[in-house]
K.L.:
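For reference, the structure I am asking about is given below.
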Amino acid sequence: MSEKKLKFNSKTIHGGQKPDSAYGAVMPPIYQTSTYAQTTPGGHKGYAYSRSANPTRKALEQSLASIENGNFGMAFASGMAAIDAVIKLLNPGDEVLSTDDLYGGSYRLFKQIFERLGITFRFIGMQNADSIEAHITENTKLIWVETPTNPMMNILDIKAISQLAKKHEVLVAVDNTFATPYLQLPLDLGADIVMHSATKYLGGHSDVVVGALVVNDIELADKLYFIQNASGAVCGPMDSFLTLRGIKTLHVRMQRHCENGRAIAEYLAKHPKIEKVYWPGFEDHPNHEIAKNQMKDFGGMISFIPKGSGYEDAIKIVEKLQLFTLAESLGGVESLAGHPASMTHGSIPNEEREKSGVVDALIRLSVGIEDEVDLIADLEQAIE
Ligand SMILES: Cc1ncc(COP(=O)(O)O)c(C=O)c1O
């Protein structure tokens with residue numbers, strides 16, 4: 001059966017995978033080698049040095065391309081390394097438009113590394129796609145999108161943004177970390193590049209730090225493969241193996257993340273001590289209709305603000321949680337809680353951070369796949 005025709009659940013397991021050519025191993029062996037024997041200079045079996053290519057990484061890269069419905073996948077040492085490779089497509093003088101509420105590490109890379117090298121970044125509200133056009137200049141070369149955004153759960157219209165960008169010959173890259181291809185397929189919606197912190201839902205078990213890019217266009221793929229090899233921030237064989245193993249259960253994990261996410265969002269929304277819950281599944285979420293169109297469900301990421309609380313109260317709640325672990329990161333099978341203002345978004349200046357809604361009292365939950373009643377009981381005792 002042609003692989004492109006497979007449905008998503010089959011792709012997570014079989015996409016881009018063949019039994020290993022040496023002994024027929026069904027799971028790709030962990031090719032823990034830096035180099036490969038050659039019979040004569042250049043006489044090798046497709047692999048010369050593991051920074052350029054490694055069979056275990058290749059298996060992961062083919063899986064990534066398959067699940068994102070793209071042609072070419074690349075695996076990096078971290079999500080940040082993947083973003084770094086995308087920005088290296090640009091030149092001094094070029095400009096990037098990005099959302100005003102995005103992962104703090106992306107903001108830090110843009111502002112503190114690449115702005116120094118002559119690339120300009122402008123952060124604007126993108127919830128209304130029509131408002132973006134006025135910001136595009138002749139120097140704009142890339143629109144960097146995150147949806148749902150981290151941590152405010154804003155929804156951006158990937159299709160509308162991609163159409164607009166095409167008109168101006170601007171590339172669109174989508175950080176698909178929060179949604180995963182189970183929920184949305186940015187390339188199908190017209191984006192040029194999909195990026196992942198595969199550390200999160202793709203790996204799914206909080207045991208790797210890995211990044212990913214997937215594209216359709218061969219010229220763009222060649223440029224990114226060149227940067228991947230030239231800069232060298234590649235994903236190692238062991239991490240490739242673990243991420244590939246994680247992807248094989250992505251669809252079943254995501255289904256449960258979404259079910260538990262809904263239960264907890266609804267519980268928090270009804271709680272008398274909770275002021276505001278950010279989750280795109282609510283009908284009164286500003287871009288709920290767009291979320292309904294471009295996503296299959298609404299995911300397991302939720303942010304909320306306890307009533308009348310400030311920094312200290314929010315800290316007290318996250319400290320009291322027992323089943324939810326207070327930790328950086330998200331997307332693992334276990335539930336995590338975070339305090340964006342002091343953790344994931346600590347590198348964004350206070351004024352900028354608060355303007356986008358990331359106030360001191362905001363708490364972010366990555367809802368895992370435990371029993372929903374246990375998760376709710378834990379929140380109940382912590383909020384009390
Ligand atoms: C939305 C998003 N993008 C990118 C990253 C960076 O990925 P990594 O930590 O794998 O480098 C993160 C990490 O938290 C993230 O949440």
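One-based numbering, in listed order, for ligands and for the atoms of each.
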K.L.:
The test is ring pair (Phe, Tyr, Trp, His ring centres under 6.0 Å); show your working for His339 and Tyr311 and say whether it passes.
P.N.:
CA-CA 9 Å; His339 181 250; Tyr311 179 81; 5.3 Å; yes
K.L.:
Cation-pi check for Phe114 against Lys111: NZ or CZ below 6.0 Å from the six-membered ring centre and within 45 degrees of the axis, yes or no?
P.N.:
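Relative to the ring axis of Phe114, which defines the angle, Lys111 lies outside at least one limit.
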K.L.:
Evaluate whether atom NZ of Lys166 has more than 12 neighbouring non-hydrogen atoms of other residues, nucleotides or ligands under 6.0 angstrom away.
P.N.:
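Enclosed.
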K.L.:
Quick one: which of Ala233, Gly79, Gly203, Gly338 has a heavy atom closest to atom 8 (P) of ligand 1?
P.N.:
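The nearest heavy atom belongs to Gly79.
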K.L.:
Between Met80 and ligand 1, does any nitrogen or oxygen pair lie at a separation below 3.5 Å?
P.N.:
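Yes, at least one N or O pair falls under 3.5 Å.
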K.L.:
What is the closest protein heavy atom to atom 16 (O) of ligand 1, and at what distance does it sit?
P.N.:
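The protein heavy atom lying closest is Asn150 ND2, 3.3 Å.
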K.L.:
May I ask you to check whether His257 and Tyr201 place their ring centers less than 6.0 Å from one another?
P.N.:
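Under 6.0 Å, so yes.
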K.L.:
Is the NZ or CZ atom of Lys45 both under 6.0 Å from the centre of the six-membered ring of Tyr36 and within 45° of that ring's axis?
P.N.:
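Cation-pi check for Lys45 and Tyr36: fails.
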K.L.:
Would you call Glu328 a ligand 1 contact, heavy-atom distance under 4.0 Å?
P.N.:
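It does not, in that no heavy atom of Glu328 comes within the 4.0 Å cut-off of ligand 1.
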K.L.:
Which residue owns the protein heavy atom closest to atom 13 (C) of ligand 1, what's the atom, and how far is it?
P.N.:
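Protein heavy atom with the smallest distance to atom 13 (C) of ligand 1: Lys200 NZ, 2.4 Å.
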K.L.:
Write out the residue and atom name of the closest protein heavy atom to atom 15 (C) of ligand 1, then the distance separating them to 0.1 Å.
P.N.:
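Checked against all protein heavy atoms, atom 15 (C) of ligand 1 sits closest to Tyr103 CG, 3.6 Å.
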K.L.:
Please confirm whether Thr199 comes within less than 3.5 Å of ligand 1 when only nitrogen or oxygen atoms on both sides are compared.
P.N.:
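Among all N and O atoms of Thr199, at least one is under 3.5 Å from an N or O of ligand 1.
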K.L.:
Between Leu109, Asp175, Thr149, flag the one that comes closest to atom 4 (C) of ligand 1 by a heavy atom.
P.N.:
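Among Leu109, Asp175, Thr149, the closest heavy atom to atom 4 (C) of ligand 1 comes from Asp175.
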K.L.:
For atom NZ of Lys320, decide whether the heavy atoms of other residues, nucleotides or ligands shown that lie under 6.0 angstrom number more than 12.
P.N.:
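More than 12 within 6.0 Å, yes.
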K.L.:
What class does the angle between the rings of Phe121 and Phe123 fall in, given that below 30° is parallel, 30 to 60° is tilted and above 60° is perpendicular?
P.N.:
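Taking Phe123 first and then Phe121, their aromatic rings lie parallel (interplane angle under 30°).
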K.L.:
Below 3.5 Å, N or O to N or O, backbone or side chain included: is there any such pair between Glu146 and ligand 1?
P.N.:
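No, no N or O pair falls under 3.5 Å.
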